[in-house]
There are 2 protein chains.
Amino acid sequence: MAVVTDRDRNGGFVRPLSIAESVHERIYERIMSLEIPPGARIPIDGLARELNVSQTPVREALTRLEREGLVQKAHLIGYSASPQLTRKEFDDLYKFRLLLEPESARQACLNLTPETLARIEGAASDMEKGEPPVDRNSRYSRFARADAHFHDEIMKVADNATVRQAMNDQHIHLHIFRLMFHSRVTQEALEEHEHLLAAFRAGDADAAYEAMHDHISRSRDRLVAAFE
Amino acid sequence: MAVVTDRDRNGGFVRPLSIAESVHERIYERIMSLEIPPGARIPIDGLARELNVSQTPVREALTRLEREGLVQKAHLIGYSASPQLTRKEFDDLYKFRLLLEPESARQACLNLTPETLARIEGAASDMEKGEPPVDRNSRYSRFARADAHFHDEIMKVADNATVRQAMNDQHIHLHIFRLMFHSRVTQEALEEHEHLLAAFRAGDADAAYEAMHDHISRSRDRLVAAFE
DNA sequence: TAAAATCAAATCCTATATGATATTGCATTT
DNA sequence: AAATGCAATATCATATAGGATTTGATTTTA
């Protein structure tokens, strides 16, 4: 098995990347892309053979994914991809977002510098343009990731590592995409982001809070159609 | 290696418990009890020999603990217990709690039934009595666990699985105990819990919000002494 | 025919072996 | 005496093997 290597950001050094880590990424991608659909079994030895690695790193990757909530484990039975969000879980998730994200937007606004504002604006504009997608699914998938990136940039500026990690641990974009992979990119979401940016540019923290609250509420209302 | 078994709650069936799981628990206990102090190396083969198991389940347990934030991993170097909370992390954690817990207390109050109130009251009274502790450390350790249980009972009633899990993922009682293991059980905390219970009994959701907010703020102020 | 029992294949969980990498201590050099 | 280089040891990461359990189908029995 050839050792996968990666260029280190700091120096130009090349250092080996663990097989377990790359297996983790590959399984994550398969779940995100619905190649492994919700509820599907994920046999360890099958994956190991398919990826040309041994079972040990596959086990390690699945253990991590379980703790991340993306797969489930039944002792002596095996792993399977986590099922779709239920309506209740969806509602809980959005209540959770509404508790954390508007306040984080307010805090981000207070911490804002020209550099960090530019980063957020860059993340926002990344969502509009982009390579021509091969199909609608991949387009929405990319939209979901870019949206997650935009929100995370705001979280970075809000500068609360606990809150940021709790948000990222939810893998919101993955669950949303699995729920609505057939969805289309809405112009509305982009406009709501624009409102948020306007509040940031004006340095109006309360307006940022409101804009984020509004954005998440509307996002919830758009997605709730998946359950009807 | 003898297989560890456990009695199933439902039927009287006996089913094997995985070694990986029991290793996970044992390492958790060692970290909680400071037997493995913050920052200490945790060699895989050493632990495996000591616990009379192979390296595979130890690896799996450590992978889970890493994802839980209790240990850190450096590729090709090894695992170590996570360091103490920094002041910044402590502050972030309490801001996080203040965003989620008061609102959860409000919601719990709205959902309250006689049965669930009784459960919460039971958790509260568990904190006051208890076996005579062998030393002050173990007493505070038990206090920390009981406090976590009390807060979690409220989370259960609030009935938002996302919020509840995000809270539990923080392992607050473990970090607090490691920070303040020499601390003593304060009468104040018990009184604050009593205020919260009073609001619950009165069915006053706003008062429950305020009581929880007050309790967490005061808790933070009591603990912040650890950094001075 | 339906239910129970049996058996084989698949899969899991754990143990062990092996090569690769990092760390440590000692010797050597400057 | 400090610094450097090298070898030995410790530890990690992965591969592979074997015992244990579940699953599913086939056979048997009521």
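Just so it is clear, the model here is predicted, and its values are computed rather than measured. Below, chains carry the letters A, B, ... as their sequence lines are ordered, and counting in each starts from 1. Quick note: numbers below take in every heavy atom, side chains included, and nothing from hydrogens, waters or symmetry partners.
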For the pair made of [atom1] in [X] and [atom2] in [N], what is the distance, rounded to whole Å?
X: B:Arg41; N: C:dT24; atom1: CZ; atom2: P; answer: 8 Å
X: B:Ile77; N: C:dT24; atom1: CD1; atom2: P; answer: 10 Å
X: B:Ile42; N: D:dA13; atom1: CD1; atom2: P; answer: 13 Å
X: A:Leu76; N: C:dC12; atom1: CG; atom2: C1'; answer: 7 Å
X: B:His24; N: C:dT14; atom1: NE2; atom2: P; answer: 14 Å

Which nucleotide wins on minimum distance to the side chain of A:Val53, given the candidates D:dA15, C:dT14, D:dT14?
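For A:Val53, the side-chain atoms sit closest to D:dA15.
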Are the aromatic ring centres of A:His175 and A:Phe90 under 6.0 angstrom apart?
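A:His175 vs A:Phe90: aromatic centres not under 6.0 Å.
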Taking atom types as modelled, find out whether A:Glu68 and A:His24 have a side-chain donor-acceptor pair closer than 3.5 angstrom.
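There is such a pair between these side chains.
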Just checking A:Gln55: base, sugar-phosphate only, or nothing, at a heavy-atom cut-off of under 4.0 Å?
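Since a base atom lies under 4.0 Å of A:Gln55, the category is base.
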Quick one: is A:Ser54 getting a side-chain N or O under 4.0 Å of the D:dA15 phosphate, OP1 or OP2?
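It does, given that an N or O in the side chain of A:Ser54 lies less than 4.0 Å from OP1 or OP2 of D:dA15.
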Short side-chain N/O contact from B:His75 to OP1 or OP2 of D:dA13, under 4.0 Å:
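For B:His75, the contact criterion (side-chain N or O under 4.0 Å from OP1 or OP2 of D:dA13) is met.
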Any ion pair linking B:Arg30 and B:Glu25 (charged N to carboxylate O, less than 4.0 Å)?
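Judged by the 4.0 Å cut-off on N to carboxylate O distance, B:Glu25 and B:Arg30 do not form a salt bridge.
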Decide, yes or no, whether a salt bridge links B:Asp91 with B:Lys95 under the criterion of side-chain N to carboxylate O below 4.0 Å.
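No, this pair does not count.
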